[in-house]
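A short worksheet on the structure shown next.
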Amino acid sequence: AIGTRFSDRVLGNPKKFADQAKILQFDVDAAEINKNIRVTSSVIGDVKEILTRINEKLTQLDHNSWVEHVLAYAKTFPLTYHKEGLSGPFVIEKIYEMTKGNAIMVTEVGQHQMWAAQYYKYSKPRTLLTSGGLGTMGYGLGAAIGAQTANPDRTVVNIAGDGCFRMNMNELATASREKLPLIEVIINNHGLGMVRQWQTLFYEKHYSATVLDDGVDYVKLSEAMGATARRVKTQEEFEKAFADALKSKTPFVIDCIIDSDDKVWPMVAPGKPINESFDEEDYNATQGGN
């Protein structure tokens, strides 16, 4: 484990986490060692220095059979989503297709962040900019501005939820002033989708502080700050809008209206081990098909 804090989303149930493995933890901060999980051994220091020294002592091993075994799972248990209507997974797959996998993808935090990780096929380093488990809503637009400034000839796409867009949308004015052709795609479910998903699955649909259906018009806001903006509600509308965005010389915002109850799958219930994750089919089976 290298530079990880062993958060609850990684561990699931800490008592059952990697219970058949020896755990070696590298971290620059001694306080992180044995904080959330007991490790077999640890090394405290700069990761670059640690790995450099360890690589000098290791011989090259061949793990082709294990890699093939793992890749076979992707074919046996592929990610799936409902193909009808506009959805987060569709948007991400279409962006991959239309950019031929050559975009720099940036994310905010939430369901859209998970979909961006699941449905865009990354093959090059430094092409996914995300705050990961830090959960930094508002990170994406600023990061996209930086990425576009550093790579003026690349397509830079920031994937945002409507909640995250509100956190830093004023920076569209910065992008407009600098004439940066970044593309902002808002996956708009009129709520804080990831929290709503938890409230639906585990808290009897008590939607506390997650409903954002208040009539704010992101298209008009974006236009007021100098960007081109479109609202789309169908797959065809998104494809046309994104094609126009790819040709734009200035910021382009696409407000994608999706269902408020679209969910990210698979899911791990709080306090459960990772190997007890479940998907939509599993969930519906436990709910009697409802």
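Scope of the values below: all heavy atoms of this structure, side chains included, with no hydrogens, waters or symmetry mates. For reference, positions follow the sequence shown, starting with 1.
Pairing each heavy atom of V91 with each of F238, the nearest pair is CG1-CZ, 3.6 Å. Here the closest non-hydrogen pair linking D262 and S87 is OD2-CB, 3.8 Å. Taking both residues in full, the closest heavy atoms of S248 and P181 are given as O-CB, 3.5 Å, listed atom of the first, atom of the second, then distance. The two residues V232 and L86 make their nearest non-hydrogen contact at O-CD2, 3.7 Å. T200 and Y283 make their closest contact through O-OH, 4.2 Å (heavy atoms, listed as atom of the first residue, atom of the second, distance). Scanning all heavy atoms of the two residues, the minimum distance from S176 to P251 falls at N-CG, 3.6 Å.
Salt bridge status for D244 with R230: present, with a side-chain N to carboxylate O gap under 4.0 Å. A salt bridge links E49 with R53: the closest approach of a Lys/Arg side-chain nitrogen to an acidic carboxylate oxygen falls below 4.0 angstrom.
Note on M167: it does not cluster hydrophobically with I145, by side-chain heavy-atom contacts below 4.5 Å among ILVMFWY residues. Note: the hydrophobic cluster containing V28 does not contain I50 (ILVMFWY, side chain heavy atoms under 4.5 Å, direct or indirect links). Hydrophobic clustering (side-chain heavy atoms under 4.5 Å, transitive across Ile, Leu, Val, Met, Phe, Trp, Tyr) groups F90 together with I183. Transitive grouping of hydrophobic side chains (ILVMFWY, heavy atoms separated by less than 4.5 Å) brings F242 and Y120 into a common cluster. V253 and V219 end up in different hydrophobic clusters when Ile, Leu, Val, Met, Phe, Trp and Tyr side chains are linked at under 4.5 Å.
Checking side-chain atoms of E32 against main-chain N and O of D27 turns up no donor-acceptor pair under 3.5 Å. Looking at Q197, its side chain does come within 3.5 Å of a backbone N or O of V264 through a donor-acceptor pair. Proximity of a side-chain donor or acceptor of N284 to a complementary backbone N or O of E281 within less than 3.5 Å is not detected. Between the side chain of D8 and the main chain of G271, no donor-acceptor pair closer than 3.5 Å is present. Remark: the backbone N or O of G138 is paired with a side-chain donor or acceptor of E108 at under 3.5 angstrom. Using modelled atom types, one side-chain atom of E237 and one backbone atom of K233 make a donor-acceptor pair closer than 3.5 Å. Of the possible donor and acceptor atoms, none in the side chain of R154 sits under 3.5 Å from a partner among the backbone N and O of A147. With Q235 contributing its side chain and K83 its backbone, the two residues share a donor-acceptor pair below 3.5 Å. T127 places a side-chain N or O within donor-acceptor distance of the main-chain N or O of K124, the cut-off being under 3.5 Å. No side-chain donor-acceptor contact under 3.5 Å links E280 to the backbone of K263.
Contact check for I186 versus I254: no side-chain heavy atoms found under the 4.5 Å cut-off. Residues Y73 and P78 fail the side-chain proximity criterion, which asks for heavy atoms closer than 4.5 Å. For the pair M105 and I159, the minimum side-chain heavy-atom distance is below 4.5 Å. In this structure, the side chains of V106 and V156 come closer than 4.5 Å at one or more pairs of heavy atoms. Between L192 and M194, every side-chain heavy-atom pair lies at or beyond the 4.5 Å cut-off. Side chains of E184 and Y218 form no contact here, defined as non-hydrogen atoms less than 4.5 Å apart. In this structure, the side chains of I104 and L129 come closer than 4.5 Å at one or more pairs of heavy atoms. Looking at L180 and T250, their side chains never come closer than 4.5 Å, going by heavy atoms from C-beta outward.
Heavy atoms from other residues, nucleotides or ligands lying under 6.0 Å from NZ of K205 number 12 at most. In Y203, the OH atom is not crowded: 12 or fewer heavy atoms of neighbouring residues, nucleotides or ligands sit closer than 6.0 Å. Taking a 6.0 Å sphere around NZ of K35, one finds it holds more than 12 heavy atoms contributed by other residues, nucleotides or ligands.
Cation-pi geometry between K94 and Y96 is not met at under 6.0 angstrom from the ring centre and within 45 degrees of the axis.
Here the CG-CG distance, from N168 to N158, works out to 9.5 Å after rounding to the nearest 0.5 Å. To the nearest 0.5 Å, atom CZ of residue R177 and atom CG of residue L172 are 11.5 Å apart. The OG1 atom of T107 sits 7.5 Å away from the OH atom of Y139 when rounded to the nearest 0.5 Å. Between atom OG of residue S131 and atom CE of residue M137 there is a gap of 10.0 Å, rounded to the nearest 0.5 Å. Taking CD of Q111 as the reference point, atom SG of C164 lies at 11.0 Å (rounded to 0.5 Å). The distance from the CG atom of L212 to the CG atom of D162 is 5.5 Å, given to the nearest 0.5 Å.
Sequence neighbours left out, the pairs with a member in residues 209-221 that pass salt bridge (Lys or Arg N to Asp or Glu O under 4.0 Å) are R166-D214, D217-R231.
Cluster partners of W66, using a side-chain heavy-atom cutoff of under 4.5 Å among ILVMFWY residues and allowing indirect links, are V70. The other residues sharing a hydrophobic cluster with I274 are V268, where clustering joins ILVMFWY side chains under 4.5 Å apart. Members clustered with F6: V10, L11, F17, I23, I33, I37, V39, I44, by chain and number, using a 4.5 Å side-chain heavy-atom cutoff among hydrophobic residues. Through side-chain heavy atoms spaced under 4.5 Å, either directly or across other Ile, Leu, Val, Met, Phe, Trp or Tyr residues, L71 is tied to V67.
Remark: the Y81 side chain and the E93 side chain contain an N/O donor-acceptor pair separated by less than 3.5 Å. For T210 and Q199, the side-chain atoms include at least one donor-acceptor pair closer than 3.5 Å.
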Step-by-step side chain to side chain contact (heavy atoms under 4.5 Å, CB included) determination, T40 to L24
CA-CA 6 Å; T40 308; L24 175 61; over 6 Å; no

Show your reasoning for whether salt bridge (charged side-chain N to carboxylate O under 4.0 Å, His left out) applies to K16 and D19.
CA-CA 6 Å; K16 296 183 179 181; D19 55 5; over 6 Å; no

Evaluate the criterion side chain to side chain contact (heavy atoms under 4.5 Å, CB included) for residue pair L221 and V216; output intermediate values, then yes/no.
CA-CA 8 Å; L221 278 170; V216 175; 3.5 Å; yes

Before you tell me yes or no, could you show the steps for F26 and L51 under side chain to side chain contact (heavy atoms under 4.5 Å, CB included), namely the whole-Å CA-CA distance, both residues' side-chain angles and the distance that decides it to 0.1 Å?
CA-CA 9 Å; F26 302 157; L51 294 179; 3.8 Å; yes

Given the rule in the side chain to side chain contact (heavy atoms under 4.5 Å, CB included) test, do H190 and V211 qualify, once you have shown the distances and angles that lead to the verdict?
CA-CA 6 Å; H190 296 100; V211 178; over 6 Å; no

Could you check E178 against T149 for side chain to side chain donor-acceptor pair (under 3.5 Å), going step by step and ending with a plain yes or no?
CA-CA 9 Å; E178 300 301 325; T149 301; over 6 Å; no

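With sequence neighbours left out, the salt bridge (charged side-chain N to carboxylate O under 4.0 Å, His left out) criterion links D261 to R196.
No option in W115, W265, Y119 other than Y119 meets the side-chain contact (heavy atoms from CB on, under 4.5 Å) test with L79.
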